[in-house]
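Hydrogens, waters and symmetry mates play no part in the numbers below; they use all other heavy atoms, side chains included. Note on naming: letters A, B, ... go to the chains in the order of the sequence lines (proteins, then strands), and numbering restarts at 1 for each one.
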Amino acid sequence: MPTALSISNLNKVYDGGLQALTDVSLEIRKGEIFALLGPNGAGKTTLISAVCGIVSPTSGSIKVNGNDAAKNFRAARAAIGLVPQEISTDMFEPVQSTVAFSRGLFGRAPDPKHIEKVLRQTALWEKRKDRIMTLSGGMKRRVMIAKALAHEPEILFLDEPTAGVDVELRRSMWDVVRELRRSGVTIILTTHYIEEAEEMADRIGVISNGKLIVVEDKTTLMQKLGRKRLSLQLQEHLEQLPGELETWPLELAGDGWELHYDFDANAEDSGVPALLNKISGLGISFKDLNTSQSSLEEIFVGLVNKN
Amino acid sequence: MTIHSNVTKPPPTQPVRFNRHGVWAIYKFEMARALRTLWQSFLAPVISTALYFVVFGSAIGSRMEAIDGTSYGSYIVPGLIMLSVLTQSVSNGSFSIFMPQFSGTIYELLSAPISAFEAVLAYVGAAATKSVVLGLIILGTASLIVPVEIQHPLWMLGFLVLTSVAFSLFGFILGIWGQTFEQLQFVPSLILTPLTFLGGSFYSIDMLPPFWRTVTLFNPVLYLISGFRWSFFGTSDLGVGWSLLMTSLFLLVCLAIVSWMFKTGYRLRS
Ligand SMILES: Nc1ncnc2c1ncn2[C@@H]1O[C@H](COP(=O)(O)OP(=O)(O)OP(=O)(O)O)[C@@H](O)[C@H]1O
Ligand SMILES: [Mg+2]
């Protein structure tokens, strides 16, 4: 698949001496949705800002559609739309003119048809004449999205687009993102809602302390790192784990009515048959059992803690 | 027929060399803001200048003798226009770039495919336009109160534009440098206003004792006012060539500073 964005050996040391990015290399494929995950202060916004020209990299190179972001900044930046993490826009301006302004700023001729399309897409058409200061927080965030879409970018960065947005609106934003992807737009998003990445992303990158520690297809990542949990619903209530089971990674839950066993889904020997043998040997009986795959969130927490 | 076939075409992803839509978008935005705040932008300076004319021109001026054959009321017209144009240029120029940094909207400018030159052209162009319009409005107001005659209208316009551009650019630099509102106020009120008052807005430097006359020669604003006054009355304290030279020099210094700022990302990019 052709590459939309290619970052190699990117480093960023802020003036105060803080190293926010360390040797980050990353290729984003055309047309994919890439989710960048990481705890607060990991460097997600710094990475995005470096690509968009808001932060100057200390070293390394960034290519957008093959255009060097520094040397060929016009071509590189014209292809990118950015929805920043913070809502910052001219509060006294009406919605429509702000969005039209963004289109002009990015070098595109006026196109009221496209502005209308974007405003309808972000459900702002009814509010187009209103000053931004009179909108709610969620609407303001959609204004930021509309501004980023005004110049028909090929690559869209969404830095926590759904922070502080209600469930219904979040779903409708996901629809917008999917629609954009269908039309061929490459999307890179950051989020702290892991279910968002799980739901939307094709690939996932995890950044921690300025280092990109994992880049993987979402499904592969979940398979590779996925832990499974076996839950046993017990017939009889247990006060505590019997001493014989102490060597097993077991956990008593549900007030002693449930036993949890976490295991690696990909290991040759999951240990499940041996455990079940052992349990029945101890005379513990259960009414039901089930296994569940760990969520991306659990994977993510595990990864970050390891680093 | 094939003569032009070997002319290398720019690659298809390479957009235009000059982002005219971007420049126009910023310019339009800045002008729209001025119209929205019409009161502060134009009416307030006009009223305060009208008061100057009433007090200095009519009330006090009627008791003053003519300078170089010009009545005092008319004599102060160019200086008063310059006083307003300088202050407004600096404040327009500085706020136009300070506010986006303050509110965070600068992210969009920094991420846009617009060069430093284009951004300066748009912001400074808008700030200077406002100043020129303001200068002309004050001129119109003045002509209602005192007799005004302009001997070299084109030169007058030329000086007005040159000064507006130079000081809007100076304001722009101030706006990038300043981190607080106080710093933005500091330079205009503590440096610019004294320089303008002492730069011969209200008198000819020939009226000063020799020592102070020499001191005044180091005041750059003197050259602006002197040149501008020459375009009105055909006489001035200093040669018009000096005025033109000093104003252009000031403009060039500002241009050099601003291009250095953009090149290094000074206070704009972290
Ligand atoms: N302008 C700046 N000057 C100095 N340090 C900065 C600047 N911006 C960010 N940092 C630091 O760089 C590090 C990475 O910040 P960044 O904003 O990229 O994190 P993030 O992953 O986006 O976090 P969050 O999830 O909270 O948005 C942090 O330690 C932060 O304090
Ligand atoms: Mg961030």
Side-chain angles (χ1 to χ4, degrees), chain A residues 12-16 18 20 46 48-57 64-67 69 72-94 97-98 100-111 131 144 147-148 150-151 153-154 157 159, chain B residues 10-38 40 95-119 121-123 126 179 261-270:
Chain A
K12 174 62 192 177
V13 182
Y14 279 112
D15 281 346
L18 184 122
T46 304
I48 291 176
S49 303
V51 173
C52 296
I54 296 164
V55 155
S56 338
V64 183
N65 286 333
N67 296 301
N72 213 344
F73 74 95
R74 282 187 203 273
R77 292 186 198 165
I80 294 179
L82 166 66
V83 181
Q85 185 171 359
E86 312 281 338
I87 297 176
S88 37
T89 181
D90 297 285
M91 291 295 165
F92 296 101
E93 283 290 301
S97 65
T98 304
F101 168 82
S102 297
R103 183 177 173 88
L105 189 62
F106 277 73
R108 304 292 303 257
D111 182 352
R131 285 174 165 206
M144 302 302 288
K147 278 165 76 74
H151 67 283
E154 293 166 50
F157 283 94
D159 199 353
Chain B
T13 47
Q14 175 70 52
V16 282
R17 308 247 151 185
F18 181 80
N19 183 353
R20 68 193 162 92
H21 293 298
V23 171
W24 180 237
I26 295 174
Y27 186 85
K28 221 170 55 173
F29 175 84
E30 287 296 310
M31 294 311 284
R33 202 171 49 143
L35 287 178
R36 212 170 37 218
T37 53
L38 199 64
Q40 297 150 39
F95 272 91
S96 69
I97 192 71
F98 178 80
M99 286 313 288
Q101 292 179 90
F102 183 75
S103 69
T105 54
I106 188 92
Y107 87 88
E108 203 178 16
L109 181 71
L110 295 178
S111 66
I114 193 162
S115 69
F117 171 73
E118 288 157 359
L121 186 70
Y123 280 111
Q179 312 252 285
M261 280 176 152
F262 270 97
K263 204 168 266 164
T264 59
Y266 174 81
R267 289 205 173 163
L268 287 172
R269 283 194 172 86
S270 39

Pick whichever of B:A122, B:S115, B:P100, B:A119 has the most heavy-atom pairs under 4.5 Å with chain A. B:S115
Of all of B:I26, B:L109, B:I114, B:T105, which one pairs up most often with chain A through heavy atoms under 4.5 Å apart? B:T105
Return the orientation label for the B:F95 and B:F98 ring planes: parallel under 30°, perpendicular over 60°, tilted otherwise. perpendicular
Heavy-atom distance under 4.5 Å to chain A: side chain of B:R33, backbone, both or neither? neither
Need one label for B:Y107: side chain, backbone, both or neither, based on atoms under 4.5 Å from any heavy atom in chain A. both
Which of the residues [options] is involved in the greatest number of heavy-atom pairs with chain B at under 4.5 angstrom?
options	answer
A:P84, A:P110, A:A100	A:P84
A:V55, A:I80, A:D90, A:I87	A:D90
A:S49, A:C52, A:S97	A:C52
A:A79, A:G81, A:S88, A:G66	A:S88

So does B:R36 pair up with A:E93, basic N to acidic O under 4.0 Å? yes
Side chain, backbone, both or neither: which part of [X] has a non-hydrogen atom closer than 4.5 Å to chain B?
X	answer
A:R103	neither
A:F101	both
A:S102	both

Would you indicate whether B:Y27, at its atom OH, is surrounded by more than 12 heavy atoms from other residues, nucleotides or ligands within a distance under 6.0 Å? yes
Give a yes or no on whether A:Y14 atom OH has more than 12 heavy-atom contacts from other residues, nucleotides or ligands under 6.0 Å away. yes
Main-chain N/O of [Y] paired to [X] side chain as donor or acceptor, under 3.5 Å:
X	Y	value
A:K12	A:S56	yes
A:R74	B:R17	yes
A:N67	A:F73	no

Atom CZ in B:F29, atom OG1 in A:T98: separation rounded to 0.5 Å? 7.0 Å
